[in-house]
Amino acid sequence: MNKASSSVNDSDTRSKQQKILSMLGLMTSKVLGENTYAKSSIYSERITRGLRSFLPGPLQPSVSLAEFKMSKPMQMGYLAAAKDLKHVSIDQFNYMSLWATGDDDSSVVNRAAGNQFSEYLSQSQAPEKYVVGYKTAVIQFVRAIAGAGGVVFRINSALQNLDLNQQRTLVNQWFDHVNGYMNGASPFKAINNQTTKPSAADETIATGVAKEISDGFLSNQPVGNDEQPLLGNYSYNEDDFSDEHDLPKMMTDAIGKVSLTEDINLFVNNTLAGMVNSLGSIGLYPLVYAKFTQNNPDLVGAPVTSATDQATVLAKTKAAVEAIGKYLNLPQSGADLAEKLAVLNLSNAGSARNAKHQNYQLRYSRVLENDRPQVNDRGETVKVAYGIFETTHQILQNVFLTPLMVQYTMSRNQLLTQIASGQYTTSRQVIEPSFQAAGTLFDYVDALARFQVDQLIGLVQRGKKDDDGMSAAGSFSAFSHLMRVYPEVKSINPAYAEMSKATKRVYYWLYQSSFKDHLPEDEQIKLN
């Protein structure tokens, strides 16, 4: 059955693209908006390392079905592309999106096109039309994933439209799911049990990680008000000219039966879903494991407000969520995240069936050639350029961080209010929290805030003692000297000198809490 060409809707498509970009609050890159670049290693390295969270411009219009039917070279180019597109990688899609939006430089095309592109191009009697046909399939592929109303837009919109309660529900269910197989183990340690009898815990983790990639949380879990899973069984039903050619059988036998629809479905339901599921799930885990933990004393300085009403805390946290992410040193890209997650490397797990293909840590962080990391002209391995998928990575990270930070901020600030009013001046002997024992993830975060503040109550006592003895530190520098030199307060946090300025301000605020009202306004330490 013939499918209507999208070329007649080109102006509408461009308009929708601009609305999407505007809605996401992202600016079109001037650097990547050019159509031609100098063929140099500098340019090559720039686009290899570049992080883009948006298409660099509107998608170019693909040829109409009528035009396609009139040109056998176009048809051959399209079929060659459909064969190549069966094996699209995340990194390759980045360059496909550049090509589909007008960047025709050979450095881009070489990375965007597959093996069949050059093989059949050299045989074509009309290479320009062959390229147009090939590129038409690429544009249709990119449009399905990153165009107006495409897969990425649908995923990002579903995540961005969650309110705080929906975020809390999603994050709590997601963490419970991952913790079901991680069970408190470090995500920064690879499973390596080939030389010994696999432990039950290691086997559970390896099985859980492998299933996350093949059939993970978002493939089975509805998000927000949606009734269907966010990454359910996607089925493409737009432009596909795969069966609209009239090439003789002798020309198509070598290519075989191809289908752009099947290519797109395979990419979405396997490559894209596996990446989002694994980096989402295993990405949430270290956020809790390494950042929301008693081993991260700088967390007490992370809140961006001292308010105690949820509306204010939420608004200020949302406005500063990316700054909070940088404060916590969260990964800035999908490749950076994957590089840290050694548990994604299943190549030495006892259950590995195809070891060289099961190092997902490597596959999601480095561009591979024959299962080995690609090396650039500087001798460096090349990181995967996630391109438009960086938007999804950042949105997921914000969805995780926002409700966790709101809970921590609310709990911390309520305790600071009690300290300021003199209700909380001695240790409450709060026990060390454990997310294995907590009822929910957010119960754990609340317990963590209570534990961390209680560990610092000695500063309140020392401040009162010094004030009573008329020897209180009268400046921030004098307090910092106190923290470094005097054993009584140094023991509260021997690593005080390494703490962030925000955390040190909280410490000084606690020290001043019992006598700050007697100080001149300009000598009182202020929190946000």
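In this structure a side-chain-to-backbone donor-acceptor pair under 3.5 Å is present from Asn172 to Leu441. Looking only at distances, a side-chain donor or acceptor of Ser97 sits under 3.5 Å from a matching main-chain atom of Asn94. Tyr95 contributes no side-chain N or O that, together with a main-chain N or O of Ser107, makes up a donor-acceptor pair within less than 3.5 Å. Here the side chain of Lys291 pairs a donor or acceptor atom with the backbone of Leu328 at under 3.5 angstrom. With hydrogens and angles disregarded, a donor-acceptor distance shorter than 3.5 Å links the side chain of Ser214 to the backbone of Ala210. Between the Thr391 side chain and the Ile388 main chain, a donor and an acceptor come within less than 3.5 Å of each other. Between the side chain of Gln92 and the backbone N or O of Ala112, at least one donor-acceptor pair lies under 3.5 Å. Judged purely by atom type and a 3.5 angstrom limit, Asp240 uses its side chain to pair as donor or acceptor with the backbone of Ser242. Side-chain N or O atoms of Asn110 include one that pairs as donor or acceptor with a backbone N or O of Ser106 at under 3.5 Å. Without hydrogens or angle criteria, Asn345 side chain to Gln361 main chain gives no donor-acceptor distance under 3.5 Å.
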How far apart are the C-alpha atoms of Arg168 and Asp163, what are their side-chain angles, what is the distance that settles it, and do they pass the salt bridge (Lys or Arg N to Asp or Glu O under 4.0 Å) test? CA-CA 9 Å; Arg168 284 173 61 96; Asp163 61 29; over 6 Å; no
Run Asn359 and Leu346 through side chain to side chain contact (heavy atoms under 4.5 Å, CB included) and show every step you take. CA-CA 5 Å; Asn359 186 348; Leu346 301 179; over 6 Å; no
With side chain to side chain contact (heavy atoms under 4.5 Å, CB included) as the test, would you mind laying out the steps for Gln160 and Ile395 before giving the verdict? CA-CA 7 Å; Gln160 287 182 308; Ile395 291 172; 3.7 Å; yes
Determine whether Asp253 and Lys249 satisfy the following criterion, salt bridge (Lys or Arg N to Asp or Glu O under 4.0 Å), listing intermediate values before the conclusion. CA-CA 6 Å; Asp253 277 350; Lys249 185 174 182 297; 3.1 Å; yes
Derivation of the side chain to side chain contact (heavy atoms under 4.5 Å, CB included) call for Trp174 and Phe400: CA-CA 10 Å; Trp174 205 333; Phe400 295 158; 3.6 Å; yes
Run the side chain to side chain donor-acceptor pair (under 3.5 Å) check on Ser89 and Asp91 step by step: do they pass? CA-CA 5 Å; Ser89 67; Asp91 187 80; 5.3 Å; no
Under the criterion side chain to side chain donor-acceptor pair (under 3.5 Å), I'd like the reasoning laid out for Gln221 against Gln173: C-alpha separation, chi angles, the key distance, then a yes or no. CA-CA 9 Å; Gln221 178 66 42; Gln173 291 174 339; 3.1 Å; yes
Output, in order, the C-alpha distance, side-chain angles, deciding distance and verdict of side chain to side chain donor-acceptor pair (under 3.5 Å) for Asp239 and Ser62. CA-CA 10 Å; Asp239 289 349; Ser62 56; 4.6 Å; no
Assess whether side chain to side chain donor-acceptor pair (under 3.5 Å) is satisfied between Asn296 and Thr293, documenting all intermediate values. CA-CA 6 Å; Asn296 179 21; Thr293 170; over 6 Å; no
Should Leu284 and Val171 be marked as a side chain to side chain contact (heavy atoms under 4.5 Å, CB included) after you check the CA-CA gap, both sets of side-chain angles, and the distance that decides it? CA-CA 8 Å; Leu284 168 61; Val171 172; 4.2 Å; yes
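Checked against the 6.0 Å centroid criterion, the rings of Phe292 and Tyr444 do not qualify as a close aromatic pair. Tyr134 and Tyr78 have their aromatic ring centers separated by at least 6.0 angstrom.
Residues Thr204 and Gly180 share a closest heavy-atom pair of CG2-O, 4.4 Å. The two residues Leu162 and Gly224 make their nearest non-hydrogen contact at CD2-CA, 3.4 Å. Pairing each heavy atom of Ala158 with each of Asp226, the nearest pair is CB-OD2, 4.0 Å. Contact record, Phe435 with Gly184: CE1-CA, 4.1 Å, taken as the closest heavy-atom pair. When every heavy atom of Ala100 is checked against every heavy atom of Lys135, the shortest pair comes out as CA-CE, 4.4 Å. Nearest approach of Gly280 to Leu396, heavy atoms of both residues: CA-CD1, 4.2 Å.
Counting heavy atoms from C-beta outward, Thr136 and Met74 have side chains that stay 4.5 Å or more apart.
Gln140 and Glu238 share no side-chain donor-acceptor pair at under 3.5 Å. For the residue pair Thr392/Asn156, the side-chain donor-acceptor check at 3.5 Å is satisfied. Side chains of Gln166 and Asn225: a donor on one and an acceptor on the other come within 3.5 Å. When only modelled atom types and interatomic distance are considered, Tyr285 and Asn179 share a side-chain donor-acceptor pair under 3.5 Å.
Here Thr252 contributes atom OG1 and Leu247 contributes atom CG; the two are 6.5 Å apart, rounded to the nearest 0.5 Å. Annotation: the span from Leu362 atom CG to His357 atom NE2 amounts to 12.0 Å, rounded to 0.5 Å. With rounding to the nearest 0.5 angstrom, the CZ atom of Arg363 is 11.5 Å from the CD1 atom of Ile90. One distance of note links OG1 of Thr101 with CG of Asp104; it measures 9.5 Å at 0.5 Å rounding. A distance of 7.0 Å separates CG of Leu170 from CG of Leu159, quoted to the nearest 0.5 Å. Atom CZ of residue Arg111 and atom CD of residue Gln374 lie 6.5 Å apart, to the nearest 0.5 angstrom.
A salt bridge between Lys69 and Glu244 is present, with a side-chain N of the basic residue lying under 4.0 Å from a carboxylate O of the acidic one. Using a 4.0 Å cut-off between charged side-chain N and carboxylate O, Lys189 and Asp202 make no salt bridge. The pair Lys83-Asp263 does not meet the salt-bridge criterion, since no charged nitrogen lies less than 4.0 angstrom from a carboxylate oxygen.
Every residue was checked against the side-chain hydrogen bond (donor to acceptor under 3.5 Å, both in side chains) condition with Glu262, not counting sequence neighbours, and none meets it. For Tyr327, there are no ring-ring contact (aromatic ring centres under 6.0 Å, His included) partners two or more places apart in sequence or in a different chain. His177 is linked by a ring-ring contact (aromatic ring centres under 6.0 Å, His included) to Tyr181, Phe217, counting only residues two or more places apart in sequence or in another chain.
Shown here is Arg154, whose CZ atom has more than 12 heavy atoms of other residues, nucleotides or ligands within 6.0 Å.
Within the structure, side chain to side chain donor-acceptor pair (under 3.5 Å) pairs that include any residue of residues 112-132 do not occur (at least two apart or interchain). Applying the salt bridge (charged side-chain N to carboxylate O under 4.0 Å, His left out) test to every pair with at least one member in residues 212-225, sequence neighbours left out, gives these pairs: Lys211-Asp215. Annotation: side chain to side chain donor-acceptor pair (under 3.5 Å) contacts involving residues 316-326, sequence neighbours excluded, are absent.
Relative orientation of the Phe389 and Phe267 rings is tilted, given thresholds of 30° and 60° on the angle between their planes.
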